[in-house]
J.: 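Quick one: the structure is below, and I'll ask about it shortly.
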There are 2 protein chains.
Amino acid sequence: MTLDGLPQHRGGAEELARLLARALLAGRWQPGDAFPRELDLCAHFAVSRNQVRNALASLTATGLLERTAGRGTVVRAVSDWHLLDPLISDWMTGIDSLDPKLVREIFAFRYSAEPVVARLAAEAAEAADLERLEAAFRGMTRTATDPAARGLHAEYDVAFHDAIYLASHNLVWRQMGHLLRPSIIALIQSSQAQREHEGLDDSLTRHGRVLEAIRRRAPAAAERAAREVLLRTAIDLGIVEEAVAEPQH
Amino acid sequence: MTLDGLPQHRGGAEELARLLARALLAGRWQPGDAFPRELDLCAHFAVSRNQVRNALASLTATGLLERTAGRGTVVRAVSDWHLLDPLISDWMTGIDSLDPKLVREIFAFRYSAEPVVARLAAEAAEAADLERLEAAFRGMTRTATDPAARGLHAEYDVAFHDAIYLASHNLVWRQMGHLLRPSIIALIQSSQAQREHEGLDDSLTRHGRVLEAIRRRAPAAAERAAREVLLRTAIDLGIVEEAVAEPQH
DNA sequence: GCCTATTAAATGTCTGACATTTTGGCAAGC
DNA sequence: GCTTGCCAAAATGTCAGACATTTAATAGGC
């Protein structure tokens with residue numbers, strides 16, 4: 001696999017890393033494939049070997065590549081990627097051709113985790129957390145009807161869910177807010193046309209119920225409401241069956 | 001804060017990174033403190049500037065340090081550490097003076113997450129997963145009574161819980177097995193003397209119930225059993241109150 | 001007193017040479 | 001024919017030194 005067709009870049013090892021990472025995430029190389037050698041990358045992008053090595057170091061640290069002296073650089077399997085690394089999340093956002101299997105895996109995780117986080121949030125939320133949640137919800141409401149503000153609406157959506165993780169007041173859960181952005185963006189892009197009419201209103205009221213439950217400090221209700229928010233998408237992705245009627249957990 | 005008292009090292013940027021990271025994780029510097037300059041590190045450890053820069057790059061990538069040209073290197077707040085990065089978990093294992101607050105946070109996460117993971121495992125486990133679980137459980141049983149094999153017992157304990165995450169068959173959950181090792185080791189070290197007599201037998205039967213529930217493909221039972229395994233420690237750490245009698249979730 | 005150059009100090013970058021590891025081929029020897 | 005050993009090629013890893021860039025403090029001019 002060659003380097004043809006990759007976009008230009010304007011300097012900086014970070015941008016080079018981002019560029020290569022997005023090509024990897026988009027599936028341009030298969031696991032086990034050999035990755036181009038350092039000197040070829042230097043030549044192709046007209047950068048110093050330092051830049052290339054720094055960029056490759058990032059890709060190695062996130063589990064995308066494996067390098068061994070003498071042999072070369074090979075692409076690692078998806079199961080080895082550090083999906084929880086903020087760098088990976090950053091690189092993933094906005095990739096149009098993200099592997100649907102990957103989106104499904106990440107959403108399956110969210111569907112299992114976020115209800116629990118909402119429960120914790122209802123137990124631990126303080127004034128500042130409620131303020132964040134309400135601000136994000138107001139933003140979602142304001143941008144719900146305007147089809148031109150879809151990108152902004154997605155940002156508020158991300159902010160809302162991130163606020164839930166923040167409100168859990170747990171160091172580990174808080175870091176998973178990073179995982180949300182690519183997931184939410186991808187889902188919105190893929191399901192934007194499906195139910196343009198009924199979807200948004202419905203989604204908004206469900207989000208509102210989560211906020212309400214957290215404000216009331218009602219853990220069980222928050223857990224249920226959070227599951228309701230994700231349920232529709234979970235059904236669409238085949239993560240749960242349609243018939244599930246809240247099986248008393 | 002100087003570098004006095006840090007152990008020697010035998011070469012390799014990885015080991016230097018590990019050394020510095022463990023000093024950071026042990027609280028040798030406070031958040032906001034200035035970290036030694038590159039050239040000082042070179043002089044102190046008698047290594048090239050390349051080695052130092054590579055080591056510092058790792059610490060920066062994991063959120064332990066923040067570097068800016070011209071100003072220098074400063075230590076970041078604990079809330080900025082990438083606790084989910086495998087490197088961090090690796091560095092954390094075996095630190096004697098790990099911040100108790102950090103242990104508590106990580107265990108609180110486990111207490112909220114692991115029951116859900118056990119549920120998923122009961123739904124998705126296959127033959128290989130059961131084999132892993134049973135092998136780890138056999139190892140725990142075999143090393144339970146021998147006080148000399150405490151280290152080995154801890155390894156089997158880690159393997160058992162990791163097997164649960166693996167059995168969930170979710171890419172994201174699977175990566176959190178890394179988080180277990182330091183958590184389990186630290187807990188065993190701190191609670192080894194507390195209930196030497198009654199603890200091990202009890203813990204063993206509870207682990208057995210998780211295994212049994214997953215084998216029976218009983219999600220609700222698996223979730224309950226996993227919570228039971230962690231409950232005793234959760235009470236000790238003050239994460240839940242003693243009175244909790246399985247409040248129907 | 002405030003603004004502006006200058007300087008010092010730190011991290012960032014480039015370059016070329018060299019070291020190390022891995023792989024494969026080739027040839028001698030049993 | 002098969003193994004063994006050695007050498008060469010190719011890749012990543014390391015080093016050393018000079019230079020660039022950014023930041024903050026400082027001295028000077030008005």
Side-chain angles (χ1 to χ4, degrees), chain A residues 1-3 8-21 23-24 29-77 80 87, chain B residues 1-3 8-21 23-24 29-77 80 87:
Chain A
M1 181 57 68
T2 69
L3 293 166
Q8 288 299 320
H9 86 129
R10 300 178 311 278
E14 276 186 23
E15 191 183 331
L16 180 56
R18 173 183 173 84
L19 198 151
L20 295 172
L24 279 163
W29 286 272
Q30 294 302 309
D33 283 2
F35 201 76
R37 300 165 305 194
E38 291 182 351
L39 293 179
D40 288 345
L41 293 168
C42 293
H44 184 84
F45 293 106
V47 295
S48 74
R49 196 167 157 229
N50 247 342
Q51 303 266 24
V52 169
R53 282 186 63 77
N54 287 339
L56 292 183
S58 289
L59 305 198
T60 316
T62 47
L64 267 55
L65 297 180
E66 178 173 10
R67 319 190 67 201
T68 49
R71 184 162 19 176
T73 306
V74 298
V75 179
R76 299 185 69 179
D80 293 323
L87 271 181
Chain B
M1 181 56 69
T2 70
L3 292 165
Q8 288 299 321
H9 87 128
R10 300 178 311 280
E14 277 185 24
E15 191 183 330
L16 180 56
R18 172 183 173 83
L19 198 152
L20 296 173
L24 278 165
W29 286 272
Q30 294 303 309
D33 282 4
F35 200 76
R37 300 164 304 190
E38 291 182 352
L39 293 179
D40 289 344
L41 293 168
C42 293
H44 184 83
F45 293 106
V47 295
S48 73
R49 194 166 160 231
N50 246 341
Q51 301 266 26
V52 169
R53 282 187 62 78
N54 286 339
L56 292 183
S58 289
L59 305 198
T60 315
T62 48
L64 266 55
L65 297 180
E66 178 173 10
R67 320 191 66 201
T68 49
R71 182 162 21 174
T73 306
V74 298
V75 179
R76 300 185 69 180
D80 293 324
L87 272 181

J.: So if I take residues 54-64 of chain B and measure heavy-atom distances to DNA chain C, which residues fall below 4.0 Å?
T.: none
J.: Taking all heavy atoms of A/A13 and all of A/Q51, pick out the closest pair and write down the distance.
T.: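 That would be N-OE1, 2.9 Å.
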J.: Can you tell me if the side-chain N/O atoms of A/R67 get under 4.0 Å from OP1 or OP2 in D/dT12?
T.: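 Yes, such a contact exists.
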J.: Below 4.0 angstrom from OP1 or OP2 of C/dA10, is there any side-chain N or O of B/T73?
T.: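 For B/T73, the contact criterion (side-chain N or O under 4.0 Å from OP1 or OP2 of C/dA10) is not met.
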J.: List the atom of B/L39, the atom of B/R49, and the distance in Å for their closest heavy-atom pair.
T.: CD2-CD, 4.2 Å
J.: Ignoring hydrogens and angles, does a donor from either the side chain of A/R49 or the base of C/dG16 sit under 3.5 Å from an acceptor on the other?
T.: no
J.: Can you find a heavy atom in the side chain of A/L19 that is under 4.5 Å from one in the side chain of A/F45?
T.: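 The answer is yes; the side chains approach within 4.5 Å.
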J.: Atom CD of B/E15 to atom P of D/dG13: distance rounded to whole Å?
T.: 18 Å
J.: Return the value, rounded to whole Å, for the distance between atom CD of A/Q51 and atom P of D/dT21.
T.: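 Going from CD in A/Q51 over to P in D/dT21 covers 13 Å.
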J.: What is the minimum heavy-atom distance between A/P36 and A/W29, and which atoms define it?
T.: CD-CZ2, 4.0 Å
J.: Does a donor on one side chain and an acceptor on the other come within less than 3.5 Å for A/T60 and A/R67?
T.: no
J.: Please report the distance, rounded to the nearest Å, between CG in A/N50 and P in D/dC15.
T.: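 After rounding, the gap between these two atoms is 14 Å.
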J.: Measuring from the side chain of A/A69 (C-beta onward, heavy atoms only), which nucleotide among D/dT12, D/dA18, C/dC14 has the closest atom?
T.: D/dT12
J.: Are any of B/R37's side-chain N or O atoms less than 4.0 Å away from OP1 or OP2 of C/dA10?
T.: yes
J.: With a cut-off of less than 4.0 Å, is there a side-chain N or O of A/T68 near OP1 or OP2 of C/dT21?
T.: no
J.: To the nearest angstrom, how far is B/F35 atom CZ from C/dT11 atom P?
T.: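 For the pair B/F35 CZ and C/dT11 P, the rounded distance is 11 Å.
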J.: If I take atom CG in residue A/L65 and atom P in nucleotide D/dA11, what distance separates them, rounded to the nearest angstrom?
T.: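 Checked: the CG to P distance equals 16 Å.
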J.: Taking atom C1' of D/dA11 as reference, at what distance in whole Å does atom CD of A/E66 sit?
T.: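 Nearest whole value for this atom pair: 15 Å.
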J.: Minimum heavy-atom separation for B/A17 and B/L59, please, with both atom names.
T.: O-CD2, 3.8 Å
J.: Give the rounded distance in Å between these two atoms: CZ of A/R71 and P of C/dT20.
T.: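 From A/R71 CZ to C/dT20 P: 20 Å.
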J.: How would DNA chain C look in dot-bracket form, 5' to 3', counting Watson-Crick and G-U wobble pairs with both distances under 3.5 Å and writing | for bases paired to another strand?
T.: |||||||||.|||||||||.||||||||||
J.: Choosing from C/dC14, C/dT11, D/dC15, which nucleotide comes nearest the side chain of A/S48?
T.: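 The nucleotide sitting nearest to the side chain is C/dC14.
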J.: By side chain to side chain donor-acceptor pair (under 3.5 Å), which residues pair with B/R53, not counting sequence neighbours?
T.: B/E38
J.: Closest heavy-atom contact between A/Q30 and A/V75?
T.: O-CB, 3.7 Å
J.: Let me know the distance between CD of A/E38 and P of C/dC14, rounded to the nearest Å.
T.: 14 Å
J.: Indicate yes or no: at least one non-hydrogen side-chain atom of B/L65 is less than 4.5 angstrom from one of B/V74.
T.: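 They are not in side-chain contact.
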J.: Which heavy atom of B/A77 sits nearest a heavy atom of B/P31, and at what distance?
T.: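 For B/A77 and B/P31, the tightest heavy-atom pair comes out as CA-CB, 3.8 Å.
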J.: Counting only side-chain N and O atoms of B/R53, is one of them less than 4.0 Å from OP1 or OP2 of C/dG12?
T.: yes
